[in-house]
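Just below is one structure, and these are the notes that go with it.
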Amino acid sequence: MSRKPKILIVEDEEAIRAGLVDVLLYHGYTTDDVDNGNQGLDLALSGKYDLILLDIMLPGLDGFEVCNRIRMQDREQPIIMLTAKSQDEDIIQGLQLGADDYVSKPFSVAQLVLRIQAVLRRSRIGIESDNTIRLSDDHSVDIRNLSGHFAGRDVVFTRREIEILQYLSVNTDRPVSRDELLNKLWGYAKNLDLETRTVDIHIAKIRRKIEAEPTHPRFLVTVRGAGYRLMVE
Ligand code: CA
C-alpha cells in the first residue's frame, strides 16, 4: 500500500484551517496544520511534506516570505498559495516567488483537490537525470542541477521552469500554445481564470534567466497568436 501524501496547512483563519483538514483527510491525505508563518516555515523546512498549502496574510512571517525562504533552501518543495479572490497581484507575486500554483479563497473543494492532485502528480514524475537541454554551443541547461550559464551569469531554475524548457525543447519544430503547456505541465483539462497569465509569468521568469535581452528573446520566442517556441541553434 502506498503512503498517504502528507500536506502541511499554514492558515490562520481557524474555520478555513479546520475545513481544509477535514477535506484533505476525507480525500486520503494526512495533514499537519499551523496558524502562523514562523511555525509554518520551520515545519516546511523539515522536508517531510509532499505539499504545502500556504496562506498569504499570516501572523509572523507572511506567506510570501515563507515561500521565499523555503525556495532559498528547497527549489522542489511543492507549494500552493491560498490567495484572496481576484487578488491578481498576490497571485503574480506568489508565482514569482516560486509557488507551484495558487487557489483563490473561497475555493471549491473540487477545485482544490484537482490542483493538489496535479501538483503532486508532477512532483512524483521527477526530472530525468543525466540530461541537458542544449540551446546553442555555449548555452545549455543542466537538468539534474536545475542550473545553467547564460549571458555571463550562473542561473538556477525552479522545477517548473525546467519542465517548461524540457517540454519546449522536445517540440522545437512548432510553437506550443499556453493551453497546451497548462494541460501538459499543470494538468488542467481546460482553461480557467488567470491560468494563461500563470504561463506568461513563468515564461517571463525563464527569459530573465536565459536571455541577454529578455524583451528581445533569442531562445524563447513568442509566436504571435500561436504560443511559445524554443529556438535551438
Ligand atoms: Ca490569513
Side-chain angles (χ1 to χ4, degrees), residues 67-68 70-79 88 91-102 118-192 194-233:
C67 182
N68 193 31
I70 293 170
R71 277 287 171 269
M72 285 194 285
Q73 301 201 24
D74 185 347
R75 274 175 285 139
E76 300 204 16
Q77 170 68 59
I79 301 170
D88 292 10
I91 293 166
I92 292 166
Q93 188 175 352
L95 294 172
Q96 284 177 338
L97 287 171
D100 295 273
D101 206 346
Y102 66 92
V119 169
L120 289 177
R121 190 164 55 238
R122 281 193 315 97
S123 71
R124 263 191 235 108
I125 293 169
I127 290 171
E128 304 262 323
S129 297
D130 303 320
N131 211 348
T132 58
I133 301 168
R134 186 192 155 284
L135 301 183
S136 78
D137 287 342
D138 301 324
H139 299 88
S140 61
V141 177
D142 180 335
I143 293 172
R144 189 202 301 231
N145 292 318
L146 308 180
S147 66
H149 189 78
F150 290 90
R153 297 163 308 177
D154 291 320
V155 295
V156 293
F157 300 92
T158 64
R159 170 187 280 268
R160 179 64 59 88
E161 290 163 2
I162 291 287
E163 287 170 348
I164 292 169
L165 285 168
Q166 273 186 305
Y167 192 80
L168 294 174
S169 73
V170 295
N171 294 285
T172 52
D173 55 327
R174 63 183 178 90
V176 176
S177 71
R178 293 175 176 85
D179 281 349
E180 181 176 343
L181 286 170
L182 283 167
N183 183 263
K184 298 292 185 186
L185 301 183
W186 274 260
Y188 297 154
K190 62 182 179 196
N191 199 357
L192 299 166
L194 274 173
E195 286 173 2
T196 55
R197 187 183 297 178
T198 299
V199 174
D200 296 342
I201 291 167
H202 280 86
I203 293 289
K205 286 167 59 186
I206 294 170
R207 280 181 175 152
R208 284 200 293 274
K209 294 178 181 180
I210 70 172
E211 302 287 357
E213 291 182 79
T215 53
H216 296 94
R218 161 186 172 190
F219 299 117
L220 211 179
V221 303
T222 300
V223 181
R224 191 176 291 276
Y228 296 109
R229 185 169 177 182
L230 199 61
M231 307 301 285
V232 176
E233 294 168 0

Side-chain contact, heavy-atom cut-off 4.5 Å: [X] with [Y]?
X    : Y    : answer
E76  : L146 : yes
R174 : V176 : yes
R71  : L97  : no

R207: partners by salt bridge (charged side-chain N to carboxylate O under 4.0 Å, His left out), with sequence neighbours left out |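 Partners of R207 by the salt bridge (charged side-chain N to carboxylate O under 4.0 Å, His left out) criterion come out as none, since no residue qualifies.
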With sequence neighbours left out, what residues match R75 under salt bridge (charged side-chain N to carboxylate O under 4.0 Å, His left out)?
-> none
For a quick test of reading the model, state the closest non-hydrogen atom pair linking [X] to [Y] and the distance between them.
X    : Y    : answer
T172 : L230 : CG2-O, 3.5 Å
V119 : D101 : CG2-CB, 4.2 Å
G94  : C67  : O-SG, 4.4 Å
P78  : D100 : CA-OD2, 3.2 Å
R208 : R153 : O-NH2, 3.2 Å
T158 : K209 : N-NZ, 4.2 Å

Is it the case that D200 and Y228 place a side-chain donor and acceptor less than 3.5 Å from each other?
-> yes
For Q73, side-chain contact (heavy atoms from CB on, under 4.5 Å) partners two or more places apart | L45
List for me each residue that meets side-chain hydrogen bond (donor to acceptor under 3.5 Å, both in side chains) alongside N145, sequence neighbours excluded, and say none if there are none.
->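 Result, side-chain hydrogen bond (donor to acceptor under 3.5 Å, both in side chains) vs N145: D142.
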At what distance, to the nearest 0.5 angstrom, does CD1 of I203 lie from CG of L168?
-> 6.0 Å
L95 backbone acceptor or donor facing K205 side chain under 3.5 Å =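 Yes: the side chain of K205 pairs with the backbone of L95.
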Please collect all salt bridge (Lys or Arg N to Asp or Glu O under 4.0 Å) contacts where either partner lies in residues 216-233, sequence neighbours excluded, each pair once.
-> R218-E233
Residues at least two apart in sequence or cross-chain that pass ring pair (Phe, Tyr, Trp, His ring centres under 6.0 Å) with H139, listed by chain then number, are F150, F219
